[in-house]
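Contents: one structure, followed by commentary.
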Amino acid sequence: MANIVELREKSMVELLDMLEDAREELFNLRFQKAAGSLENTGRLKVVQRDIAQLNEVIGKRNWAIAEAAQDAQVTAVLADRKWQATASYVYEDGLWQVNFADEDGQSLATVGVDLNKKRRRTRRQRDNIAPVQKVTKVEVA
């Protein structure tokens, strides 16, 4: 399996295919273990870790798209349109870059999202202080 840097560079379709293959392999390994024919039991942990990494990348990608779509400027641009979003991690900025495009492929907006900003921890902080803004930059086309 690829490391996390290589996983972030892959497309969502590739990630979902890899996740399906890893889950199938885990099922087969568990079946072999139950039947007593599994020789390399360490492979179970490796496949479980791979599944966790894939789930993390897919989850963060979806989270970045959701955070970007909630921004006021982006919401105004996306209103009454069919759109698609792609997210990729930019290591130089330490941000998820989310690109919104319409059904024809024309760019609507580009948003930078910092998912590493901390949330308010206590209920009092969440109620009394404005929520943390994870969107750092917005470029509307």
So, for Gln97 and Asn99, which heavy atoms are closest and what is the spacing to 0.1 Å? NE2-OD1, 3.4 Å
Look at the side-chain heavy atoms of Ile, Leu, Val, Met, Phe, Trp and Tyr, link any pair under 4.5 Å apart, and say whether Tyr89 and Val5 land in one connected group. yes
I'd like to know if the side chain of Asp114 and the backbone of Asn116 have a donor-acceptor N/O pair within less than 3.5 Å. yes
State, to 0.1 Å, how close Ile4 and Tyr91 come at their nearest heavy-atom pair, and which atoms those are. O-OH, 4.3 Å
Nearest-0.5 Å distance, NZ of residue Lys117 to CD of residue Gln133: 7.5 Å
Heavy-atom side-chain proximity of Trp83 to Leu78 below 4.5 angstrom: yes
Is there a side chain to side chain contact (heavy atoms under 4.5 Å, CB included) between Thr136 and Leu95? Walk through the geometry before answering. CA-CA 9 Å; Thr136 57; Leu95 300 173; 3.4 Å; yes
Determine whether Val74 and Val138 make a side-chain contact, defined as any pair of heavy atoms from C-beta on separated by less than 4.5 Å. yes
Testing the basics here: between Arg8 and Arg61, what is the closest heavy-atom pair and its distance to 0.1 Å? O-NH2, 2.8 Å
Close side-chain approach of Phe100 and Gln84, heavy atoms under 4.5 Å: no
Can you check whether Gln73 reaches Val111 side chain to side chain, under 4.5 Å on heavy atoms? no
So, for Ile65 and Ala85, which heavy atoms are closest and what is the spacing to 0.1 Å? CG2-CB, 3.7 Å
To the nearest 0.5 Å, atom CG of Asp50 lies from atom CG of Leu26 at 10.0 Å
With a 4.5 Å limit on heavy-atom distance, are the side chains of Gln48 and Ile51 in contact? no
With sequence neighbours left out, the residues meeting side chain to side chain donor-acceptor pair (under 3.5 Å) with Trp63 are Glu67
Between Lys33 and Thr41, is the side chain to side chain contact (heavy atoms under 4.5 Å, CB included) condition met? List the steps. CA-CA 8 Å; Lys33 182 180 178 187; Thr41 57; 5.6 Å; no
For residues Phe31 and Leu44: do they belong to one hydrophobic cluster (side chain heavy atoms under 4.5 Å, members Ile, Leu, Val, Met, Phe, Trp, Tyr)? no
Quick one: closest heavy-atom pair of Ala68 and Val113, and the distance? CB-CG2, 3.9 Å
Go through Arg81 and Glu103 one step at a time and tell me if the salt bridge (charged side-chain N to carboxylate O under 4.0 Å, His left out) criterion holds. CA-CA 9 Å; Arg81 291 188 184 179; Glu103 54 202 16; over 6 Å; no
Under a 4.5 Å cut-off applied to non-hydrogen side-chain atoms, are Met18 and Val57 in contact? no
Is any side-chain heavy atom of Thr110 less than 4.5 Å from a side-chain heavy atom of Val98? no
Please check if Ile58 and Leu115 belong to a single hydrophobic cluster, counting links between Ile, Leu, Val, Met, Phe, Trp and Tyr side chain heavy atoms closer than 4.5 Å. yes
Of all heavy-atom pairs between Leu54 and Ala22, which one has the smallest distance, and what is that distance? CD1-CB, 4.5 Å
